[in-house]
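Here is the structure we will look at, set down as structure tokens.
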Amino acid sequence: QVQLVESGGGLVQPGGSLRLSCKASGNIFRINSMGWYRQAPGKERELVATITSGDITNYAVSVTGRFTISRDNAKNTVYLQMNNLKPEDTAVYYCNAFGGWTNYWGKGTQVTVSA
């Protein structure tokens, strides 16, 4: 099994920045890709960004140019740098790992963008 622990969420003003971290542990050899998803109140969970073992990245259109996903293999950690945050970015952000035909999820971290 894979365990994912997120950190870095919080309250930020519009236009501000946050950096989320997700550390993976357990059977990390199972992981083929990692990413971030988010779920706002009353909405479905949506993809934010993903990164593969080959460093191929994908972003939701709504965050392209503002968010950057990266990884530190030595630390088994994936990051999400979020710049120019908007109120519509407010959501619970979940770390995701995929491997062995299985999705693994963290417990989520709250990001609130408000003046």
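- Following chains of ILVMFWY side-chain contacts shorter than 4.5 Å, one can reach Leu80 starting from Val63, so the two form part of one hydrophobic cluster.
- By the 4.5 Å heavy-atom criterion applied to side chains, Cys22 and Leu4 are counted as neighbours.
- Residues Tyr37 and Val92 share a single hydrophobic cluster, defined by chaining ILVMFWY side chains whose heavy atoms lie under 4.5 Å apart.
- Crowding of Glu88 atom CD: a count of heavy atoms from other residues, nucleotides or ligands under 6.0 Å exceeding 12.
- With hydrogens and angles disregarded, no donor-acceptor distance shorter than 3.5 Å links the side chain of Asn27 to the backbone of Phe29.
- Summarising the geometry, atom OG1 belonging to Thr50 is positioned 4.5 Å from atom CG belonging to Asn58; distances are rounded to the nearest 0.5 Å.
- Of the residues listed (Asp55, Thr57, Thr52), the one engaging Arg71 in a side chain to side chain donor-acceptor pair (under 3.5 Å) is Asp55, and it is the only one.
- Here the side chains of Val111 and Leu20 are in contact, with some heavy-atom distance below 4.5 Å.
- Both Tyr93 and Ile69 belong to a single network of hydrophobic side chains, linked directly or stepwise wherever heavy atoms of I, L, V, M, F, W or Y lie under 4.5 Å apart.
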Assess whether side-chain contact (heavy atoms from CB on, under 4.5 Å) is satisfied between Val78 and Trp36, documenting all intermediate values.
CA-CA 9 Å; Val78 64; Trp36 293 92; 4.1 Å; yes
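- Although no hydrogens or angles enter the test, the distance criterion places a donor-acceptor pair under 3.5 Å between the side chain of Thr102 and the main chain of Gly100.
- Atom NZ in Lys107 sits 10.5 Å away from atom CD in Gln3 (nearest 0.5 Å).
- Of the possible polar contacts, none joining the Gln13 side chain to the Ala115 backbone as a donor-acceptor pair under 3.5 Å is found.
- Met82 is not listed as a side-chain neighbour of Asp89, based on a closest heavy-atom distance of 4.5 Å or more.
- With values rounded to the nearest 0.5 angstrom, Ser62 atom OG is found 7.5 Å from Phe67 atom CZ.
- Of all non-hydrogen atoms in Lys23 and Lys75, the two that sit nearest each other are CE-O, 3.6 Å.
- In this structure the side chain of Ser53 never reaches within 4.5 angstrom of the side chain of Asn32, judged on heavy atoms.
- With rounding to the nearest 0.5 angstrom, the CD atom of Glu6 is 10.0 Å from the CG atom of Asn96.
- Annotation for Gln39 and Lys43: closest pair NE2-O, 3.1 Å, computed over non-hydrogen atoms.
- Grouping the Ile, Leu, Val, Met, Phe, Trp and Tyr side chains by contacts below 4.5 angstrom, directly or via other members, places Val12 with Val48.
- Inspection of the Asn83 and Ser17 side chains reveals an N or O donor paired with an N or O acceptor under 3.5 Å.
- Between the side chain of Gln81 and the backbone N or O of Thr68 there is no donor-acceptor pair closer than 3.5 Å.
- In the hydrophobic clustering of ILVMFWY residues, with side-chain heavy atoms under 4.5 Å counting as a link, Leu47 and Tyr94 come out together.
- Closest non-hydrogen pair, Ala24 versus Val2, comes out as CB-CG1, 4.5 Å.
- A distance of 12.0 Å separates CE of Met34 from OH of Tyr104, quoted to the nearest 0.5 Å.
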